[in-house]
Amino acid sequence: MEPKLIIHGGAGLALSDPQQASIVRASLAKVVTEVRTALEKGLSAVEATVLAVTYLEDDPLFNAGTGSVLQQDGQIRMSAGLMDGAQGHFSAVINVSAVQNPILLARALQDSPDRVLSETGSHYLARELALPPYDPTTLKRLQEWVEQKQTGIAKAAGAVTMGTVGAVALDRQGHLSAATSTGGRGFERNGRVSDSAQPAGNYANRYAAVSCTGIGEDIIDEGAAVRIVVRVTDGLSLSEALEKTMAEARVAGRDYGVIALDSQGSVGWDKNTPILLAAYTSDTEVGFSF
Ligand code: ASP
């Protein structure tokens with residue numbers, strides 16, 4: 001089976017600076033190329049999505065891991081979800097602080113009887129795994145928070161924060177996986193929980209896999225990732241499932257974007273935000289959604 005990979009670096013308002021688009025493209029292209037090569041060499045879909053998300057978490061351009069946005073109290077609380085479509089296991093960590101790669105905690109929970117941990121449990125898990133304490137705060141995010149604190153508003157009520165990351169992979173065995181990691185919506189109420197660590201935002205089975213980005217509350221209200229995956233499972237093509245789901249989201253006034261794959265290797269993405277930062281590989285070249 002020919003492996004497939006699509007990744008994203010968030011959805012939101014159009015990038016004001018055209019230079020920014022080429023910086024983001026270069027960053028996504030590097031990750032998608034490297035992980036696709038690893039998939040070709042036999043890396044599993046789960047390990048491929050974890051690897052891609054780890055790279056993206058380490059890139060301060062994105063709102064996940066290093067470079068995560070701050071909640072209202074000035075703390076970073078990150079969330080990450082991982083789903084192994086072949087095994088049908090969802091695992092996640094919610095609102096973790098002081099780790100470099102939240103997705104590695106989600107991976108460590110894949111075969112555990114307790115697969116979704118909140119702040120406290122995640123903290124103990126990081127200790128058990130001997131992950132060194134890490135401060136993901138960047139100066140840029142700190143300055144943004146100070147500005148928001150002064151004006152007392154999030155970037156704009158309802159505006160989408162750019163930069164959540166996600167990856168969806170199909171491996172040589174035909175197994176699918178989805179992984180998503182985020183710092184959240186930004187300047188939200190302390191302890192607010194993101195869709196990225198819930199099946200609504202990140203879901204996969206043997207037929208399809210989906211990672212979402214955008215307003216988490218909208219994604220949760222729609223049950224977006226599960227809705228698309230179930231539609232493919234019940235016989236719609238991936239493009240039909242995306243079209244139908246996004247049309248419903250538009251009618252309901254929900255703002256988000258999705259990346260997806262099916263077990264036949266069809267690659268899909270869609271959005272009802274001005275921009276979705278996604279990159280995917282065909283045989284030889286990298287394609288972009290922006
Ligand atoms: N979906 C994320 C959240 O609401 C944010 C994003 O995708 O940018 O936490």
Peer 1: My understanding is that only one of E240, R231, R227 makes a side-chain hydrogen bond (donor to acceptor under 3.5 Å, both in side chains) with T245; could you say which?
Peer 2: R231
Peer 1: Taking H175 for the side chain and A45 for the main chain, is one N or O donor matched with an acceptor at less than 3.5 Å?
Peer 2: no
Peer 1: Can you see which heavy atom on L277 is nearest to which on S289, and at what distance?
Peer 2: C-OG, 4.0 Å
Peer 1: Other hydrophobic cluster members with Y124, side-chain heavy atoms of Ile/Leu/Val/Met/Phe/Trp/Tyr under 4.5 Å, chained?
Peer 2: none
Peer 1: Do E47 and R107 pass the side-chain contact (heavy atoms from CB on, under 4.5 Å) test, and can you show the C-alpha distance, the side-chain angles, and the key distance before you say yes or no?
Peer 2: CA-CA 9 Å; E47 290 307 322; R107 184 185 63 181; 2.9 Å; yes
Peer 1: Looking at CZ of R189 and CD of Q71, how far apart are the two atoms once the value is rounded to the nearest 0.5 Å?
Peer 2: 11.0 Å
Peer 1: Hey, could you give me the CG/CE distance between L105 and M78, rounded to the nearest 0.5 Å?
Peer 2: 8.5 Å
Peer 1: Looking just at side-chain N and O atoms, do S194 and S79 make a donor-acceptor pair shorter than 3.5 Å?
Peer 2: no
Peer 1: Look only at the side chain of E57 and the backbone of S181, and say whether a donor-acceptor pair between them is shorter than 3.5 Å.
Peer 2: no
Peer 1: Here's a test for you: under side-chain contact (heavy atoms from CB on, under 4.5 Å), which of L56, L39, L43 qualifies with L51?
Peer 2: L43
Peer 1: How close do Q100 and Y134 get, counting heavy atoms only, and between which atoms?
Peer 2: CA-CD2, 3.4 Å
Peer 1: Looking at side-chain heavy atoms only, is the closest gap between Y256 and R254 below 4.5 Å?
Peer 2: yes
Peer 1: Could you grab the distance from atom CD1 of I103 to atom OG1 of T54, nearest 0.5 Å is fine?
Peer 2: 7.0 Å
Peer 1: Starting from I228, can I reach V230 by hopping between I/L/V/M/F/W/Y residues whose side chains sit under 4.5 Å apart?
Peer 2: yes
Peer 1: Please evaluate residues L109 and V116 with respect to the criterion side-chain contact (heavy atoms from CB on, under 4.5 Å), reporting the C-alpha separation (whole Å), side-chain torsions for both, the decisive distance (0.1 Å), and the verdict.
Peer 2: CA-CA 7 Å; L109 293 171; V116 181; over 6 Å; no
Peer 1: Determine, step by step, whether L61 and I23 satisfy the side-chain contact (heavy atoms from CB on, under 4.5 Å) criterion, reporting the C-alpha distance in whole Å, the side-chain angles of both residues, the deciding distance to 0.1 Å, and the verdict.
Peer 2: CA-CA 9 Å; L61 267 183; I23 293 169; 3.9 Å; yes
Peer 1: Please confirm whether the backbone N or O of G174 pairs with a side-chain atom of D171, one donor and one acceptor, at under 3.5 Å?
Peer 2: yes
Peer 1: Give the minimum heavy-atom separation between R77 and D73, together with the two atoms involved.
Peer 2: NH2-OD2, 2.7 Å
Peer 1: Any donor-acceptor pair under 3.5 Å linking the side chain of T233 with the backbone of V229?
Peer 2: yes
Peer 1: Going only through I, L, V, M, F, W and Y residues with side-chain contacts under 4.5 Å, is there a path from V286 to F62?
Peer 2: yes
Peer 1: Kindly indicate whether the side chain of E2, heavy atoms from C-beta on, has any atom under 4.5 Å from the side chain of K4.
Peer 2: yes
Peer 1: Say whether V193 and I219 are linked into one hydrophobic cluster, either directly or through other cluster members, by side-chain heavy-atom distances under 4.5 angstrom.
Peer 2: yes
Peer 1: Taking the side chain as every heavy atom from C-beta outward, state whether V258 and K271 have any pair of such atoms under 4.5 Å apart.
Peer 2: no
Peer 1: Can you give me the closest heavy-atom contact between A167 and A52, atom names plus distance?
Peer 2: CB-CB, 3.8 Å
Peer 1: Do D59 and S27 pair up side chain to side chain, a donor and an acceptor below 3.5 Å, judged on atom types alone?
Peer 2: yes
Peer 1: Do any N or O atoms from the side chain of W145 and from the backbone of V69 form a donor-acceptor pair under 3.5 angstrom?
Peer 2: no
Peer 1: Taking the side chain as every heavy atom from C-beta outward, state whether D84 and S177 have any pair of such atoms under 4.5 Å apart.
Peer 2: no
Peer 1: Other members of the hydrophobic cluster containing Y280, with the 4.5 Å side-chain heavy-atom rule, please.
Peer 2: M1, I6, V168, L170, L176, I259, L261, V267, W269, L276
Peer 1: For N202 and A178, indicate whether the former's side chain and the latter's backbone hold a donor-acceptor pair under 3.5 Å.
Peer 2: yes
Peer 1: Before accepting this row, confirm whether a basic side-chain N of the pair R185/E217 lies closer than 4.0 Å to the acidic partner's carboxylate O.
Peer 2: yes
Peer 1: Within this structure, what is the OG-CD distance for the pair S97 and E119, rounded to the nearest 0.5 Å?
Peer 2: 5.5 Å
Peer 1: Examine distances only and state if a side-chain atom of E188 and a backbone atom of G186 form a donor-acceptor pair shorter than 3.5 Å.
Peer 2: yes
Peer 1: Start with the C-alpha distance between S211 and T180, add both sets of side-chain angles, then the distance that settles side-chain hydrogen bond (donor to acceptor under 3.5 Å, both in side chains), and finish with yes or no.
Peer 2: CA-CA 6 Å; S211 166; T180 310; 2.8 Å; yes
Peer 1: Provide the closest heavy-atom pair for R36 versus L5 in the form atom of the first, atom of the second, distance.
Peer 2: N-CD2, 3.8 Å
Peer 1: Which atom names give the shortest non-hydrogen contact between V232 and A241, and what distance separates them?
Peer 2: CG2-CB, 3.7 Å
Peer 1: Would N95 and S118 count as having a side-chain donor-acceptor pair, cut-off 3.5 Å?
Peer 2: no
Peer 1: Please answer: with hydrophobic residues joined when any side-chain heavy atoms are less than 4.5 Å apart, are I220 and I94 in the same cluster?
Peer 2: no
Peer 1: With distance as the sole test, does R172 use its side chain to make a donor-acceptor pair with the main-chain N or O of G42 at under 3.5 Å?
Peer 2: no
Peer 1: Could you state the interatomic distance from CZ (R115) to CE (M83), rounded to the nearest 0.5 Å?
Peer 2: 8.0 Å
Peer 1: Sub-3.5 Å donor-acceptor pair from the side chain of N63 to the main-chain atoms of G184, do we have one?
Peer 2: yes
Peer 1: Measuring from atom CD of Q148 to atom CZ of R141, what distance do you get when rounded to the nearest 0.5 angstrom?
Peer 2: 9.5 Å
Peer 1: Is it the case that one hydrophobic cluster holds both L131 and V93, taking links as side-chain heavy atoms less than 4.5 Å apart, direct or via other members?
Peer 2: yes
